[in-house]
Amino acid sequence: MTVSLSFEVNGEAARLSVEPHARLIDVLREALGLMGTKEGCSNGECGACTVLVDGRPVCSCLLPALEVEGCKVLTIEGLAGPGGDLSDLQRAFVDKGGVQCGFCTPGMLMSAHALLERTPEPSEAQIRNALTGNLCRCTGYAQIIESVSHAASARRAKKGADHA
């Protein structure tokens with residue numbers, strides 16, 4: 001038995017039939033082919049599977065897909081600009097060494113994006129707090145924190161230039 005599910009993913013409507021117990025990560029990866037979202041621990045502890053649902057970071061490995069009925073879901077694929085250009089946040093991760101193994105990076109980017117949407121000028125403590133649910137076992141967090149801070153600064157500079 002399947003049930004109907006309708007939601008918006010990365011700005012496009014998605015309508016499909018899913019098993020009632022399907023998790024959001026399975027629908028994103030298997031049904032929609034959005035492979036950028038990674039499954040790490042499967043327990044909501046590592047944050048590799050983070051996506052935004054109506055602007056809030058959630059662990060897609062824990063969320064029943066039916067919970068997103070009528071919602072807007074943003075995945076790592078949705079952060080890129082037209083033509084696949086990297087977003088300013090993605091560019092900052094590349095430029096400042098925030099991209100490490102690539103497994104945790106999509107979840108880090110989604111949590112950082114949510115932070116910058118609600119807090120355009122975050123302190124280091126706010127950045128650290130926003131990334132609390134995202135684990136990186138490759139190296140450390142210094143470059144990741146610097147990447148988010150750099151993106152925030154670049155956005156402020158661009159905004160200032162646009163208003164000058």
Side-chain angles (χ1 to χ4, degrees), residues 7-11 23-29 32 34-65 67-68 70-82 84-163:
F7 64 105
E8 183 180 303
V9 61
N10 301 332
R23 302 175 307 162
L24 180 57
I25 191 169
D26 297 326
V27 169
L28 293 172
R29 290 179 58 85
L32 298 175
L34 298 169
M35 305 302 276
T37 303
K38 307 296 187 218
E39 183 165 13
C41 67
S42 304
N43 292 314
E45 295 177 7
C46 73
C49 66
T50 302
V51 298
L52 304 186
V53 175
D54 290 339
R56 293 176 297 112
V58 300
C59 291
S60 62
C61 73
L62 296 178
L63 190 65
E67 294 289 320
V68 302
C71 295
K72 294 181 179 180
V73 175
L74 182 67
T75 71
I76 189 67
E77 289 89 348
L79 278 188
D85 293 339
L86 295 180
S87 71
D88 59 343
L89 180 60
Q90 290 169 310
R91 174 59 48 207
F93 267 64
V94 171
D95 292 346
K96 298 297 178 183
V99 175
Q100 296 175 23
C101 73
F103 200 81
C104 66
T105 300
M108 294 275 185
L109 282 162
M110 298 313 294
S111 292
H113 178 75
L115 169 67
L116 295 179
E117 288 295 305
R118 69 178 184 273
T119 309
E121 297 182 33
S123 66
E124 182 176 327
Q126 288 172 312
I127 295 170
R128 288 183 180 278
N129 186 54
L131 299 177
T132 298
N134 297 87
L135 301 178
C136 176
R137 294 185 173 94
C138 296
T139 59
Y141 293 86
Q143 296 104 330
I144 295 168
I145 304 294
E146 184 181 355
S147 299
V148 177
S149 182
H150 180 75
S153 295
R155 286 182 182 186
R156 283 191 304 274
K158 183 178 184 314
K159 189 175 181 180
D162 289 345
H163 291 292

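For the numbers below, each heavy atom of this structure counts, side chains included, while hydrogens, waters and symmetry mates do not.
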For Asn134 and Ser111, work out which heavy atoms get closest and say how close. OD1-OG, 2.8 Å
Distance, nearest 0.5 Å, that separates SG of Cys46 from CZ of Arg137: 6.5 Å
Which heavy-atom pair separates Arg118 from Ala130 by the least distance, and what is that distance? NH2-CB, 4.2 Å
Note: Gln143 and Gly97 closest approach over all heavy atoms is CB-O, 3.3 Å
Residues pairing under salt bridge (charged side-chain N to carboxylate O under 4.0 Å, His left out) where one sits in residues 84-95, two or more places apart or in two chains, turn out to be Asp88-Arg155, Arg91-Asp95
Using modelled atom types and a 3.5 Å cut-off, is there a donor and acceptor pairing between side-chain atoms of Glu67 and backbone atoms of Pro64? no
What is the minimum heavy-atom distance between Asn10 and Glu77, and which atoms define it? ND2-CB, 3.9 Å
Out of Asp54, Val73, Val53, which one pairs with Phe7 under the side chain to side chain contact (heavy atoms under 4.5 Å, CB included) rule? Val73
Could you give the distance from SG (Cys49) to NZ (Lys38), rounded to the nearest 0.5 Å? 12.0 Å
Taking atom CD of Glu146 and atom CD1 of Ile127, what is their separation to the nearest 0.5 Å? 10.5 Å
The reported gap from CD in Glu124 to CD1 in Ile145 (rounded to nearest 0.5 angstrom) is 6.0 Å
Rounded to the nearest 0.5 Å, how far does OG1 of Thr50 lie from CD1 of Ile25? 9.5 Å
Reference residue Thr75; test side chain to side chain contact (heavy atoms under 4.5 Å, CB included); the match among Leu52, Leu24, Thr37: Thr37
Note: Glu39-Arg23 ion pair, threshold 4.0 Å (strictly below): yes
Using 0.5 Å steps for rounding, measure from the CD atom of Gln90 to the CD1 atom of Ile76. 5.0 Å
